[in-house]
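Below you'll find the structure, written out as structure tokens, and then a few comments.
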Amino acid sequence: MAKTAIAYKEKMKEISVLSLICSCLYPETRKNLMGDFEGKWKHADMDIKPINKRASGQAFEVILKPTSPVSDAAHCVTTPPKKDISLEDIQKKLEAAEDRRRSQEAQVLRALAEKREHERDVLLKAMEENSNFSRMAEEKLQQKMEQIEENRMAYLASMMDRLQERERRAQEVRRNKELREEVTA
């Protein structure tokens, strides 16, 4: 009984929480587990017996049985007999291979042609965008130059008006001065 409890405690350390829950819900499964650890397991080609000497977990000793000569004959796989290949079959296979090769070459050439077409389209689009950008930049520069010229002309006209106004004022002052000198003289 003590041996069974120790084995059960060791197994409980190894199994998952789900197995623990299942073993609590189904007690007959727990009895089967304990029964498995108490004796030897037997398999057709091997014997498995538990060893309870490890503190870190359960250990097992696996004993392989030697194969019997009878079982070797049962497992022997024979290769299927080779078919006689005629010259026509070889010729057909060669033609099929040549067709596959041609088809693959044609597919590669199509892919290359599509790639070249795409590259050409991209290049044309880039050239068009570049020319549009150049044209727009030239138009903006032309408009800017026209605006600068208009501003310059307006500035020169205003300067000329101020200069003429000063000249008129200066002539008026001179006339007034001459009139005063005549009156005082």
Side-chain angles (χ1 to χ4, degrees), residues 1-140:
M1 182 71 179
K3 189 176 182 182
T4 307
I6 292 171
Y8 184 70
K9 285 180 184 177
E10 289 178 5
K11 187 61 182 170
M12 292 300 284
K13 291 178 186 176
E14 295 175 4
I15 60 176
S16 67
V17 175
L18 182 62
S19 298
L20 176 63
I21 293 170
C22 290
S23 66
C24 291
L25 295 175
Y26 301 106
E28 63 275 355
T29 308
R30 185 172 56 218
K31 289 177 189 171
N32 289 341
L33 280 174
M34 294 312 301
D36 287 345
F37 283 107
E38 289 176 0
K40 284 176 143 184
W41 290 335
K42 297 237 181 214
H43 192 268
D45 294 335
M46 66 181 100
D47 285 337
I48 303 171
K49 62 181 181 179
I51 302 172
N52 293 326
K53 293 182 181 176
R54 304 220 177 208
S56 63
Q58 188 72 29
F60 297 95
E61 183 179 354
V62 179
I63 303 167
L64 298 175
K65 293 182 181 175
T67 57
S68 65
V70 175
S71 65
D72 284 343
H75 292 297
C76 182
V77 178
T78 59
T79 58
K82 287 190 174 183
K83 238 179 22 170
D84 290 333
I85 300 175
S86 66
L87 186 59
E88 291 176 3
D89 290 341
I90 294 173
Q91 199 66 22
K92 285 179 185 177
K93 287 182 180 181
L94 287 174
E95 288 174 3
E98 185 67 23
D99 289 343
R100 284 192 303 272
R101 186 187 61 78
R102 282 191 210 120
S103 172
Q104 188 176 11
E105 283 179 1
Q107 195 173 21
V108 168
L109 289 175
R110 273 195 304 272
L112 286 173
E114 288 174 2
K115 188 175 180 181
R116 283 190 198 125
E117 183 70 24
H118 178 69
E119 288 172 353
R120 188 176 64 80
D121 290 344
V122 168
L123 185 62
L124 287 174
K125 186 175 180 182
M127 288 171 57
E128 182 180 337
E129 287 179 3
N130 190 23
S131 66
N132 285 344
F133 177 77
S134 297
R135 185 173 38 82
M136 292 297 288
E138 189 176 339
E139 287 176 3
K140 282 183 181 179

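From a predicted model like this one, the values you see are computed outputs, not experimental measurements.
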Within 6.0 Å of CD in Gln104, more than 12 heavy atoms from elsewhere: no

Would you sort out whether Met127 and Leu123 count as a side-chain contact (heavy atoms from CB on, under 4.5 Å), showing the intermediate values? CA-CA 6 Å; Met127 288 171 57; Leu123 185 62; 4.2 Å; yes

Between the side chains of Arg120 and Glu117, is the shortest nitrogen-to-carboxylate-oxygen separation below 4.0 Å, so that they form an ion pair? yes

Regarding Glu105 and Arg101, does a basic nitrogen lie under 4.0 Å from an acidic carboxylate oxygen? yes

Roughly how far, to the nearest 0.5 Å, is [atom2] of [Y] from [atom1] of [X]?
X: Lys92; Y: Ser86; atom1: NZ; atom2: OG; value: 7.5 Å
X: Glu128; Y: Leu124; atom1: CD; atom2: CG; value: 8.5 Å
X: Glu114; Y: Glu119; atom1: CD; atom2: CD; value: 12.5 Å
X: Leu112; Y: Arg110; atom1: CG; atom2: CZ; value: 11.5 Å

Look at the side chain of Ser134 and the backbone N and O of Asn130, then say whether any donor-acceptor pair between them is shorter than 3.5 Å. yes

Contact check, side chains of Glu98 and Leu94, non-hydrogen atoms, under 4.5 Å: no

